[in-house]
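All remarks here apply to the structure that follows.
For the single chain, residues carry numbers from 1 onward in sequence order. We count ligands from 1, going down the list as the structure has it; atoms in each ligand are counted the same way.
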Amino acid sequence: ANLVGLDVDFFEGDVQDAALLDRAFHGADAVVHLAALPSVPRSLQDPLASHHANATGTLQVLEAARRAGGPHVIAASSSSVYGSNPHLPKHEDLATAPMSPYAVTKLTTEAYLSAYHHSFGLPVLPFRFFNVYGPGQRADHPY
Ligand SMILES: NC(=O)c1ccc[n+]([C@@H]2O[C@H](COP(=O)([O-])OP(=O)(O)OC[C@H]3O[C@@H](n4cnc5c(N)ncnc54)[C@H](O)[C@@H]3O)[C@@H](O)[C@H]2O)c1
């Protein structure tokens, strides 16, 4: 519903569906990869599901980007990669120490982007999001 009225082609499906990614990425200049199971508690209940959606999903996105000729890939990591490091303010030179399966999937996302840049020359930009809030946020969101 958020896309009503916009001039977009909408493809709905699983980020692990390679054929769907090929259709969606065809001719794209850039890919903004936000799909994930974004919950620490959920990753504690079902670590494999988080790994498949977040880590394997990112790998699928990167492989599809390679097949598509190398669009810029932007992806969402998470401040959870810092674990319980008390240092404030946080900055990117701090050591990472993921403490949940979810955090591991997000550090993996960053690492895969970096690896695809160094291995295949893919232009990438991983972002390490903190708690995102604002218009459109779900009223039942725990934060
Ligand atoms: N919201 C935050 O504060 C925050 C903080 C840090 C990182 N992030 C990251 O930002 C991204 C977006 O988070 P959000 O808060 O908008 O979460 P969200 O749950 O609102 O959006 C995630 C979307 O991914 C989709 N998705 C889940 N599994 C999928 C799969 N296998 N294939 C295709 N789509 C799938 C869901 O249907 C959902 O629409 C995520 O990668 C999350 O890890 C968010």
Side-chain angles (χ1 to χ4, degrees), residues 1-117 120 122-143:
N2 292 338
L3 301 177
V4 167
L6 297 179
D7 182 19
V8 295
D9 296 320
F10 180 64
F11 303 86
E12 182 173 15
D14 194 313
V15 75
Q16 297 189 70
D17 180 344
L20 178 117
L21 295 184
D22 285 344
R23 288 201 302 281
F25 291 10
H26 181 73
D29 297 318
V31 172
V32 181
H33 169 43
L34 300 174
L37 293 178
S39 160
V40 168
R42 190 173 355 192
S43 80
L44 298 176
Q45 288 169 3
D46 192 345
L48 275 174
S50 292
H51 184 89
H52 292 322
N54 304 358
T56 309
T58 295
L59 192 53
Q60 292 279 15
V61 165
L62 289 165
E63 277 296 282
R66 275 210 312 148
R67 291 193 299 273
H72 209 127
V73 176
I74 298 154
S77 177
S78 158
S79 58
S80 65
V81 300
Y82 292 117
S84 61
N85 187 331
H87 186 95
L88 289 174
K90 296 283 191 283
H91 57 81
E92 292 175 357
D93 295 329
L94 290 178
T96 53
M99 295 176 69
S100 67
Y102 170 72
V104 170
T105 69
K106 290 286 135 177
L107 194 56
T108 302
T109 290
E110 293 183 19
Y112 267 134
L113 259 66
S114 177
Y116 268 62
H117 175 67
F120 306 116
L122 197 70
V124 299
L125 182 57
F127 276 105
R128 200 173 271 175
F129 291 164
F130 285 67
N131 288 341
V132 179
Y133 62 94
Q137 182 165 359
R138 283 170 37 186
D140 62 349
H141 196 284
Y143 298 140

Polar side-chain atom of Ser114 near backbone of Glu110 as donor-acceptor pair, under 3.5 Å: no
Within the side chain of Asn54, is there an N or O that forms a donor-acceptor pair under 3.5 Å with the backbone of Leu37? yes
What atoms of ligand 1 come within less than 4.0 Å of a heavy atom belonging to Ala76? 9 (C), 10 (O), 11 (C), 41 (O)
Could you tell me whether [X] approaches ligand 1 through its side chain, its backbone, both or neither, with non-hydrogen atoms closer than 4.0 Å?
{"X": "Tyr102", "result": "side chain"}
{"X": "Tyr133", "result": "neither"}
{"X": "His52", "result": "neither"}

Does any pair with a residue in residues 29-67 pass ring pair (Phe, Tyr, Trp, His ring centres under 6.0 Å), and if so which ones, sequence neighbours excluded? none
OH-OG distance between Tyr102 and Ser80, expressed to the nearest 0.5 angstrom: 5.0 Å
Which value, rounded to the nearest 0.5 Å, describes the distance between Phe129 atom CZ and Ser79 atom OG? 11.0 Å
The criterion is side chain to side chain contact (heavy atoms under 4.5 Å, CB included); which residues satisfy it with His72, sequence neighbours excluded? Ala30, Ile74, Pro123, Leu125
Work out whether the distance between some heavy atom of [X] and some atom of ligand 1 is less than 4.0 Å.
{"X": "Ser79", "result": "no"}
{"X": "Gly13", "result": "yes"}
{"X": "His33", "result": "no"}

Does ligand 1 come near enough to Ala36 that some N or O of the ligand is less than 3.5 Å from an N or O of the residue? yes
